[in-house]
Amino acid sequence: MEQTAVKEIAITLPDGAVRRYAPGVTGMEIAQSISPGLAKAVVGIHINGEPSDLSLPIEGDAAIVLVKRESDEGLEMIRHDCAHVLAEAVQTLFPGTQVTIGPTIENGFYYDFARNEPFSTEDFAAIEAEMRKIVERGAAFEREVWDRTEAIKFFRDKGEAYKAELIENLPGTESIKIYRQGAWLDLCRGPHMPTTKHVGNAFKLMKVAGAYWRGDSNKAMLTRIYGTAWRNDKELQAYLTQLEEAEKRDHRKLGKEMALFHLQEEAQGSVFWHPNGFVIYNQLEAYIRRRLSATDYREVKTPQLLDNKLWEASGHWGKYRENMFVVPDVVPNTEEGGKVFKEEPTRFMALKPMNCPAHVQIFKQGLKSYRDLPIRMAEFGCCHRNEAHGALHGLMRVRQMTQDDAHIFCTEDQITSESVAFCDLVKAVYKDLGFEDVRVVLALRPENRAGSDETWDKAEDGLRQALTQAGLAFTEEEGEGAFYGPKVEYHLRDAIGRSWQCGTLQLDFVLPERLDASYIGEDGARHRPVMLHRAVLGTLERFIGILIENYAGKLPLWLAPVQVVVATITGSADEYAEQIYNALKAAGIRAALDVRNEKINYTVREHSLAKVPNLFVVGAREAEEQTVAIRRLGSQAQDVEPLDEALAALIAQAQPPF
RNA sequence: GCCGUUUUAGCUCAGGGGUAGAGCACCUCAUUCGUAAUGAGGGGGUCGUAGGUUCAAAUCCUAUAAACGGCACCA
């Protein structure tokens, strides 16, 4: 065997095959050596588990995974690179614009720019055209490592203050990587695809929005451009179609079409429930009431207006005053045209923003023994919060909301069992209501917090254990808990994928202390109870909004505002139809009678569009035979059944799940 | 609250200095019909609000409100 000076390195592929190459071989060269087709398809590489560039020389033995453009990771790279292309296009067309950051997000990417004159969607056509030029040009992404001080100076001199700040804040251990694409360059961690051409054509700019630098409302407002990018045009079109479809499910749109509710200027953020919508509201409330009753909650009702002193004691006045509706406890001036109040009000009441302080007042009536615990106190509490104008959003974010709230007063030893019971309850309820895809977050101790580390350990473990026992997959988020205790959040998604917090479970060691709640323990001494704040739906408003979008308005029968319409084909069947209608009403079914002189096509269309789940159509034949022709929403089929059977079946189907 | 966009009939939208339009809905009449729009006729808007420019403003300018999309916030 001839000894050569050239050493070889061993490259292990995912299937375990080992290939030998000269040191300094690149990922792209490896791909080429395997097959030209692969070299074409590949856009990235993992070297010993680390995502990297195909152009990076590999000097020693390594295990590699080649990333194809068609893979999910490839798609991520397309989006990331597309953000760079966007930034180059913007700086080409709008000199003087500073670049900041441009990450990938679900379905796309965005890039934040600093410019005195903000962009408008009217600029999109020009920017997209420039982007296509850049992609067409196909400049290679070239990676360079720069000296930190030089990099800072470079960007400062260039007038890129934000980039310079980013570099200054990078940890000292991290090298400063620069990626060039032709004449343009950007600070970036990478990795990137081989060239801008790999981005392809399946991208589209979607919207502009303001966004604060570093997400801090005290810092400058930047202009953010959102884009979407896909592997091919078919995927892009599918995504755009899906967005259009999602818009049709928007609860605000359906709420109008189905006459469920409305909102108006004079009561912004507060819902006018119409008869149809209030059926859903009431059904949902009744369902939760049955669930609560079965799990030993007792329902209460507490005042809407409470003296400011109580809010001061609870701590809400200090922390949340700007979001509270405060009512001066003074008789207004009765003179025309004068000031609202003759004298400066000195006493204030506030509309309750939450129910807990009121519940503590009930707890505090009379002496409580450890034998009384846990006390589970529920209220469909109507709360008011003066939410920022920009935060309001249909039913999802309102100023007047009704929570399916409850507080559990218990001992520390009862935390885990109560939490487990609650998690089970949430799981059962969400399943009944059609939600399988729930995002569960365990929010852990924040920097500023009350209570000892020991207490927090216990509380966090209690919640963790509860979630595990309930069989819920969850993620933990450091520092996201409330100052008074950790919390579990249940998030549901709306039609276009926005996530909203619905259910919650929060441990609280502070409020019982502040409001001086106590019980007598086994030892005869006073002890502080722990409070568990919990809501299953969160607020009825938001939950109904999510429900509407989840079902696209086609609510399950037990929640449908109108469960069945009895419609006639000719006037000769009117009497029979009325008889059916009366029977349905008597059985507690929400029925409507339609004996208008209209063609049956018209009638079917109208009620189908109104998303009525069942149509009982009757004509002379049905009247004669004592049958009904059933047409169910979403089906063209006509199911002729004897009246008795149809009635019994509908009554059975209309039963709530609990 | 911040950035951008929007606001015309009950709803969805067109019209961009010369005095307001469509479709659907509504009302009236005719039609009594077998499973997603029967026909004809009619009524309806001081163009978000308040100022300004102009011979003339829905249209141009300024302010303001709300809604929408994000950001920040969400006890």
Side-chain angles (χ1 to χ4, degrees), chain A residues 110 112 115 117-123 206-226 247 250 252-253 256-257 259 262-266 268-269 311 314-324 352-357 383 385-394 396-398 401 403 482-485 487 489 496 498 500-501 504 506 508 510-511 533 538-539 542 567-574 595-610 615 617-622 629-633 635-640:
Chain A
Y110 66 78
D112 284 348
R115 181 171 178 243
E117 191 84 358
F119 300 101
S120 121
T121 43
E122 285 168 22
D123 300 320
M206 301 299 283
K207 53 197 177 193
V208 279
Y212 297 106
W213 171 234
R214 310 222 131 178
D216 182 343
S217 58
N218 296 313
K219 294 201 161 81
M221 173 68 64
L222 309 170
T223 304
R224 175 171 298 178
I225 296 180
Y226 284 92
E247 272 170 33
D250 190 312
R252 293 163 301 188
K253 189 175 159 70
K256 200 180 275 178
E257 286 172 6
H262 87 269
L263 295 154
Q264 70 184 50
E265 264 192 56
E266 289 78 2
Q268 50 173 303
W311 303 113
S314 70
H316 293 99
W317 187 256
K319 211 165 157 54
Y320 296 107
R321 188 171 45 209
E322 63 175 12
N323 290 314
M324 288 169 65
K352 64 174 171 182
M354 42 187 351
N355 308 298
C356 27
C383 294
R385 295 180 184 178
N386 197 350
E387 304 283 10
H389 289 79
L392 299 175
H393 182 95
M396 305 298 198
R397 192 77 182 270
V398 290
M401 69 214 79
Q403 303 173 319
F483 76 96
Y484 52 70
K487 56 184 182 176
E489 300 169 356
I496 63 167
R498 286 178 292 212
W500 300 90
Q501 186 193 304
T504 183
Q506 309 179 3
D508 186 350
V510 174
L511 198 62
H533 307 248
T539 73
R542 176 176 292 179
T568 50
I569 290 167
T570 68
S572 61
D574 287 1
V595 290
R596 290 174 306 171
N597 171 19
E598 290 292 350
K599 291 196 168 175
I600 195 63
N601 283 305
Y602 179 88
T603 309
V604 166
R605 177 182 154 83
E606 205 178 47
H607 297 302
S608 298
L609 288 174
L615 270 177
V617 179
V618 294
R621 200 188 306 147
E622 285 77 12
I630 304 169
R631 181 173 169 133
R632 296 184 179 83
L633 186 60
S635 161
Q636 314 262 335
Q638 297 167 45
D639 200 1
V640 180

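We name chains A, B, ... by the order of the sequence lines, and we start the count at 1 in each one.
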Seminar exercise, completed: When A:Y602 and A:Q506 are each assigned the nearest nucleotide of RNA chain B, the 5'-most assignment goes to A:Y602
Problem set entry | A:K487 side chain near B:A75 phosphate (N/O to OP1/OP2, under 4.0 Å) | yes
For this session: Provide the Watson-Crick or G-U wobble partner of B:U46, both distances under 3.5 Å; none if there is no partner.
Result: none
Exercise. B:G70, B:A36, B:G34: which one has an atom nearest the side-chain heavy atoms of A:R621?
Worked result: B:G34
Problem set entry | Per A:M324 side chain, nearest of listed nucleotides B:A75, B:C71, B:C33 | B:A75
For this session: Report the base-pairing partner of B:U28 (Watson-Crick or G-U wobble, both distances below 3.5 angstrom), or none.
Result: B:A40
Exercise. Counting any heavy atom closer than 4.0 Å, what does A:N323 reach on the DNA or RNA strands: base, sugar-phosphate only, or nothing?
Worked result: base
Exercise. Over how many whole Å does the gap from A:L392 atom CG to B:C71 atom C1' extend?
Worked result: 15 Å
For this session: Please determine, for B:U7, whether a Watson-Crick or G-U wobble partner exists with both distances under 3.5 Å, and give it or none.
Result: B:A65
Exercise. Taking atom C1' in both B:A50 and B:A58, what distance in whole Å separates the two?
Worked result: 16 Å
For this session: Round to the nearest Å and state the distance from A:L609 atom CG to B:A37 atom C1'.
Result: 9 Å
Problem set entry | Aromatic-base stack, A:Y320 on B:A75, cutoff 5.5 Å, angle under 30 | yes
Exercise. Mind checking the P distance from B:A67 to B:C27? Whole angstroms is fine.
Worked result: 31 Å
Problem set entry | Nearest-Å distance for atom pair CG/C1', residues A:N597 and B:U28 | 14 Å
Exercise. If each of A:I496 and A:E598 is mapped to the nucleotide of RNA chain B with the nearest heavy atom, which maps nearer the 5' terminus, i.e. the 5' end?
Worked result: A:E598
For this session: Among the candidates B:C68, B:A75, B:U38, find the nucleotide nearest to the side-chain atoms of A:R252.
Result: B:C68
Each nucleotide N or O in nucleotides 12-15 of chain B that has a protein N or O under 3.5 Å away: list the pair and distance.
unit_1 : atom_1 : unit_2 : atom_2 : d
B:U12  : OP1    : A:K256 : NZ     : 3.3

Problem set entry | pair A:H393-A:R498: side-chain heavy atoms closer than 4.5 Å | yes
Exercise. NA contact type, A:A567, heavy-atom cut-off 4.0 Å: base, sugar-phosphate, or nothing?
Worked result: nothing
Exercise. Within the structure shown, what part of the strands sits under 4.0 Å from A:G215 by heavy-atom distance: base, sugar-phosphate, or nothing?
Worked result: sugar-phosphate
Exercise. Which value, in whole Å, describes the distance between the P atoms of nucleotides B:A20 and B:G43?
Worked result: 16 Å
Problem set entry | Residue A:V604, side-chain heavy atoms: nucleotide from B:U38, B:G34, B:A36 that is nearest | B:A36
Exercise. Given that both distances must come in under 3.5 Å, which nucleotide forms a Watson-Crick or G-U wobble pair with B:A57?
Worked result: none
Exercise. Taking OP1 and OP2 of B:G34, is either one under 4.0 Å from a side-chain nitrogen or oxygen of A:Q638?
Worked result: no
Problem set entry | Length of the CD1-C1' vector between A:I225 and B:C71, whole Å | 15 Å
Exercise. Rounded to whole angstrom units, what separation is found between the CZ atom of A:R596 and the C1' atom of B:C27?
Worked result: 14 Å
Exercise. Given side chains that start at C-beta, do those of A:V510 and A:F483 come closer than 4.5 Å, heavy atoms only?
Worked result: yes
For this session: Scan A:Y484 against the nucleic acid and name what it touches under 4.0 Å (heavy atoms): base, sugar-phosphate only, or nothing.
Result: sugar-phosphate
For this session: Using both distances under 3.5 Å as the test, list the Watson-Crick or G-U wobble partner of B:U12, or none.
Result: B:A22
Problem set entry | Euclidean distance for P, B:C71 against B:U12 (whole angstrom) | 26 Å
Exercise. Do A:Q636 and A:R631 come close enough that some side-chain heavy atom pair is under 4.5 Å?
Worked result: yes
For nucleotides 2-6 of chain B, tabulate all protein N/O to nucleotide N/O atom pairs closer than 3.5 Å, reporting atom names and distance.
unit_1 : atom_1 : unit_2 : atom_2 : d
B:C2   : O4'    : A:Y212 : OH     : 3.3
B:C3   : O2     : A:G210 : N      : 3.1

Problem set entry | Expected output: side-chain A:R385 to main-chain A:P353 donor-acceptor under 3.5 Å | yes
Exercise. Of the candidate nucleotides B:C33, B:A36, B:A66, which contains the atom at the shortest distance from the side chain of A:I569?
Worked result: B:C33
Exercise. So does A:Q264 have more than 12 non-hydrogen atoms from other groups sitting under 6.0 Å from CD?
Worked result: yes
Exercise. Across the strands shown, which category fits A:Y226 at heavy-atom distances under 4.0 angstrom: base, sugar-phosphate, nothing?
Worked result: sugar-phosphate
Exercise. Partner of B:C2 by Watson-Crick or G-U wobble geometry, both contacts under 3.5 Å, or none?
Worked result: B:G70
Exercise. Rounded to the Å, how far apart are A:D250 CG and B:C11 P?
Worked result: 16 Å
Exercise. When we call it a touch if two heavy atoms are under 4.0 Å apart, what does A:E266 touch: a base, just sugar-phosphate, or nothing?
Worked result: nothing
Exercise. For B:G17, which nucleotide is its Watson-Crick or G-U wobble mate, given both distances must be under 3.5 Å?
Worked result: none
Exercise. Just wondering, do A:E606 and A:R596 contact through their side chains at under 4.5 Å, heavy atoms?
Worked result: yes
Exercise. Does a distance-only test, which skips hydrogens and angles, find a donor-acceptor pair under 3.5 Å between the side chain of A:R397 and the base of B:C73?
Worked result: yes
Exercise. B:U64 and B:C2: how far apart are their P atoms, nearest whole angstrom?
Worked result: 10 Å
For this session: For the pair A:R542 (side chain) and A:Q501 (backbone), establish whether a donor and an acceptor sit closer than 3.5 Å, ignoring hydrogens and angles.
Result: yes
Exercise. So, are A:R252 and A:D250 salt-bridged, with charged N and O less than 4.0 Å apart?
Worked result: yes
Exercise. Does A:H393 have a side-chain nitrogen or oxygen under 4.0 Å from the phosphate oxygens OP1 or OP2 of B:G69?
Worked result: yes
Problem set entry | Selected nucleotide, minimal atom distance to A:T570 side chain, candidates B:A36, B:C33, B:A72 | B:C33
Exercise. Quantified in whole Å, what is the P atom distance between nucleotide B:A30 and nucleotide B:C60?
Worked result: 48 Å
For this session: Record whether the side chain of A:N601 comes under 3.5 Å of the base of B:U35 through a donor-acceptor pair of N or O atoms.
Result: no
Exercise. Using a cut-off of 4.0 Å on non-hydrogen atoms, how would the nucleic acid contact of A:R224 be classed: base, sugar-phosphate, or nothing?
Worked result: sugar-phosphate
Problem set entry | Euclidean distance, atom NE2 of residue A:H316 to atom P of B:C74 [Å, nearest integer] | 13 Å
Exercise. Counting only Watson-Crick or G-U wobble pairs whose two distances fall under 3.5 Å, which nucleotide matches B:C33?
Worked result: none
Exercise. Between B:U8 and B:G23, how far is it from one C1' atom to the other, in whole Å?
Worked result: 15 Å
For this session: Using a heavy-atom cut-off of under 4.0 Å over every strand shown, decide if A:E606 touches base, sugar-phosphate, or nothing.
Result: nothing
Exercise. Would one find a side-chain N or O of A:R542 under 4.0 angstrom from OP1 or OP2 of B:C74?
Worked result: no
Exercise. Is the distance from OP1 or OP2 of B:A66 to the nearest side-chain N or O of A:Q264 less than 4.0 Å?
Worked result: no
Problem set entry | A:E266 atom CD: more than 12 heavy-atom contacts under 6.0 Å | yes
For this session: Nearest whole angstrom, please: distance from the C1' of B:A72 to the CD of A:E322.
Result: 12 Å
Problem set entry | Polar pair under 3.5 Å, donor/acceptor by atom type, side chain A:R321, base B:A75 | no
Exercise. Looking at the side chain of A:E265, which of B:A66, B:G70, B:C26 is the nearest nucleotide?
Worked result: B:A66
Exercise. What nucleic acid atoms does A:K599 come within less than 4.0 Å of, heavy atoms only: base, sugar-phosphate, or nothing?
Worked result: base
For this session: Would you classify B:G70 as syn or anti? Syn applies when the glycosidic angle is within 90° of 0.
Result: anti
Exercise. Rounding to the closest angstrom, what is the interatomic distance between B:A14 and B:C55 at atom C1'?
Worked result: 29 Å
